[in-house]
Amino acid sequence: MTVDSFRGFLQCLDEADALVSFDEPVSWDLEASAITTIANRSDGDVPVFESVTETAVDASLVGDPYRGPRNRPWDHLARAIGLPTGLSGGAYYERLIDRLRSPREPRVLERDAAPCKDVVRTGDDVDLLSLPWPYIHRGDGGRYSNLHTVVAPDPETRWGRWSSHRLMIHDGPFASLLFLAGEQVPNRYYYDYEPREEPMPVAVVIGAEPVVQSTTEMWIPAGRSEATFAGGMKDRPVDLVPCETNDLYVPATAEVVLEGRVLPNERLDEGPFGDYFGYMNGPRRSMPAFAIDAITRRTEPRVPFCVEGTGVGYGRNSGSTLQLAAAGPDATLGLQAAGFDVESAVPWRFTSRTVWVISTDRPYPGYLHQLANFVFTTWGMLHIDFFVFVDADVDPFDPRAVLTAIALDADPDADFHQFGVERMPKVPLNIYQTPEEKGSADVGTSKAKTAKAYIDATSDGERANETADDDRRKRAQERLVTAGMSAARFDLLEAEGKRR
């Protein structure tokens with residue numbers, strides 16, 4: 001059965017013997033994250049800390065609930081949306097892609113019918129520190145919420161834009177949001193609201209149902225709504241409810257909702273933080289101030305968190321698993337819809353946020369260069385540094401098969417391609433970036449752009465058999481023009497690909 005709440009998901013894990021509860025008091029100060037780290041590294045059960053010390057609200061902490069089992073990381077999410085467990089990676093992708101092809105509009109509930117309105121605190125009654133936010137890594141700049149859904153206004157959709165940006169807790173009603181320019185929601189703030197000196201309404205949803213959290217990792221294009229794709233993912237509408245203090249809609253079964261405003265020209269400290277790359281990222285930076293106007297929640301809320309840095313590959317934490325189990329199928333569908341002959345787009349097992357493997361046919365010369373350029377420029381890939389392209393019959397979920405393709409089919413001279421130095425945008429998180437390259441603290445993005453690259457690890461046999469088939473080229477051009485690329489741009493990219 002498909003679950004409709006975070007609590008339902010935890011019950012689903014419990015019934016699958018994948019959950020372990022701790023009844024004795026546990027501290028939010030490193031202890032909960034230390035236990036979660038051990039579970040993550042040992043492929044253990046998901047820990048639920050029923051009693052958290054020094055917390056005014058009777059609430060639980062849940063450590064990395066979306067981390068899947070190491071052999072099939074997508075199994076927990078599959079169970080939550082009513083798909084069979086035990087599927088291969090390819091079979092899971094096919095099932096989820098079929099769901100994503102049919103987005104469903106959400107359903108709006110009355111406020112008194114929404115579990116997230118069990119307790120409502122506004123004005124002077126707002127106290128962020130009443131909830132058990134964890135101190136996750138020794139050296140972090142503060143306590144964090146880092147497994148949630150940020151809901152922001154969007155002029156093109158009624159339901160707003162859903163995304164994921166970590167939140168550092170300050171005191172009273174204030175927090176700081178990691179807004180990196182180049183991503184859709186931060187861009188709205190930096191280039192729309194702040195220049196007009198207007199606060200941007202935002203809601204931070206903690207403990208939403210699994211399909212909501214999943215869509216924050218997806219590559220949903222501008223003008224499309226994550227809420228509808230979440231409905232497609234579970235094959236029925238997501239229930240939403242209006243906020244108390246602004247015009248946004250939030251998932252009705254959420255555990256906690258923070259309603260507030262990102263203030264113009266106001267900054268608070270953010271970081272350092274033990275980031276998903278596996279090291280402490282700093283120094284402390286100034287990020288936009290988030291003023292909370294209301295906290296609505298369920299009785300005895302469950303607060304999920306992610307121990308990033310316990311490993312960046314599959315099944316190591318919630319973020320890495322959701323990249324594989326949610327972002328991968330969505331990216332595959334997006335590339336297919338844009339007209340590319342892609343079998344699967346899969347995050348690399350060991351560095352799921354920086355390297356992806358794409359299994360694909362090669363219908364004409366220059367195709368791979370067009371495909372890589374399309375992704376890097378159309379979707380504005382800040383995080384991913386390079387792609388590995390393999391033949392459609394190579395399993396991108398199998399690291400041995402991918403490494404074999406690189407070793408045997410990728411010519412170091414002819415098949416390693418770069419899009420030029422400092423051409424593409426990059427988040428300021430990579431360890432190879434100097435402090436100067438990490439750049440401006442004002443908008444939280446890199447001072448200089450970076451190179452993006454791809455490896456052509458498709459087989460020599462296929463390359464030898466390539467022909468410049470005019471009919472196939474024409475069909476490909478028509479598909480890409482339909483997807484928004486000009487014919488002149490297509491010709492330019494093809495010529496550039498042939499030169500490479």
Side-chain angles (χ1 to χ4, degrees), residues 1-23 35-36 39-40 42-50 59-89 91-93 95-96 98-100 104 114-116 147-149 205-218 229-239 251-256 297-307 314-329:
M1 294 179 61
T2 302
V3 302
D4 294 314
S5 67
F6 184 63
R7 295 186 183 201
F9 178 57
L10 295 181
Q11 181 180 351
C12 182
L13 295 182
D14 192 29
E15 292 170 354
D17 295 324
L19 199 74
V20 58
S21 293
F22 292 80
D23 296 324
I35 295 170
T36 302
N40 289 355
S42 63
D43 201 16
D45 296 334
V46 171
V48 178
F49 308 103
E50 301 286 358
S60 305
L61 280 172
V62 185
D64 271 311
Y66 295 106
R67 171 183 52 82
R70 201 68 52 79
N71 56 340
R72 283 186 300 274
W74 47 84
D75 260 5
H76 290 342
L77 190 57
R79 183 178 283 109
I81 61 175
L83 294 181
T85 58
L87 295 172
S88 67
Y92 168 79
Y93 267 43
R95 298 287 191 97
L96 186 53
D98 283 343
R99 296 273 188 94
L100 293 174
R104 289 182 173 235
C116 71
L147 192 59
H148 55 235
T149 301
V205 179
I206 297 103
E209 59 181 296
V211 293
V212 171
Q213 188 65 50
S214 296
T215 60
T216 67
E217 300 288 343
M218 292 182 179
F229 281 90
M233 189 173 176
K234 71 173 185 175
D235 202 23
R236 63 171 179 261
V238 170
D239 288 336
T253 64
E255 296 291 322
V256 179
R297 61 176 176 83
R298 300 186 66 155
T299 304
E300 300 180 1
R302 278 73 164 161
V303 177
F305 68 95
C306 173
V307 184
Y314 297 176
R316 294 288 183 171
N317 55 46
S318 293
S320 295
T321 297
L322 288 173
Q323 279 287 298
L324 171 71

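From a predicted model like this one, the values you see are computed outputs, not experimental measurements. Sequence positions, counted from 1, serve as the residue numbers for this chain.
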For the student: nearest non-hydrogen atoms of [X] and [Y], plus distance:
{"X": "P65", "Y": "F9", "result": "O-CE2, 3.4 Å"}
{"X": "A80", "Y": "C12", "result": "N-SG, 4.5 Å"}
{"X": "E209", "Y": "V3", "result": "OE1-O, 3.8 Å"}
{"X": "V205", "Y": "A254", "result": "CG1-CB, 3.4 Å"}
{"X": "R297", "Y": "E300", "result": "NH1-N, 4.1 Å"}
{"X": "G319", "Y": "C306", "result": "N-SG, 3.8 Å"}

Quick check: do [X] and [Y] have side-chain heavy atoms less than 4.5 Å from each other?
{"X": "R316", "Y": "R70", "result": "yes"}
{"X": "V307", "Y": "R67", "result": "no"}
{"X": "E255", "Y": "P304", "result": "no"}
{"X": "S214", "Y": "L77", "result": "yes"}
{"X": "V62", "Y": "V46", "result": "yes"}
{"X": "I206", "Y": "P301", "result": "no"}
{"X": "D4", "Y": "D239", "result": "no"}
{"X": "F305", "Y": "N317", "result": "no"}

How many angstroms lie between atom [atom1] of [X] and atom [atom2] of [Y], to the nearest 0.5 angstrom?
{"X": "M233", "Y": "L96", "atom1": "CE", "atom2": "CG", "answer": "5.0 Å"}
{"X": "I35", "Y": "N40", "atom1": "CD1", "atom2": "CG", "answer": "12.0 Å"}
{"X": "L322", "Y": "H76", "atom1": "CG", "atom2": "NE2", "answer": "11.5 Å"}

Main chain of [Y], side chain of [X]: is a donor-acceptor contact present, judged purely on distance under 3.5 Å?
{"X": "W74", "Y": "L87", "answer": "yes"}
{"X": "Y92", "Y": "A325", "answer": "yes"}
{"X": "R236", "Y": "R104", "answer": "no"}
{"X": "T215", "Y": "M218", "answer": "no"}
{"X": "D43", "Y": "P69", "answer": "no"}
{"X": "R99", "Y": "I81", "answer": "yes"}

(message) For D75, is there an ion pair with R72 - N to carboxylate O distance below 4.0 angstrom?
(response) yes
(message) Looking at E15 and R79, is there a salt bridge between them, counting it only when a charged N and a carboxylate O are closer than 4.0 Å?
(response) no
(request) Look at the aromatic rings of F6 and Y66 and report parallel, tilted or perpendicular, splitting at 30° and 60°. (result) tilted
(message) Assess the residue pair R298 and S5 against the criterion (side-chain contact (heavy atoms from CB on, under 4.5 Å)); give the C-alpha distance rounded to whole Å, side-chain angles, the decisive distance to 0.1 Å, and a yes or no.
(response) CA-CA 11 Å; R298 300 186 66 155; S5 67; 4.0 Å; yes
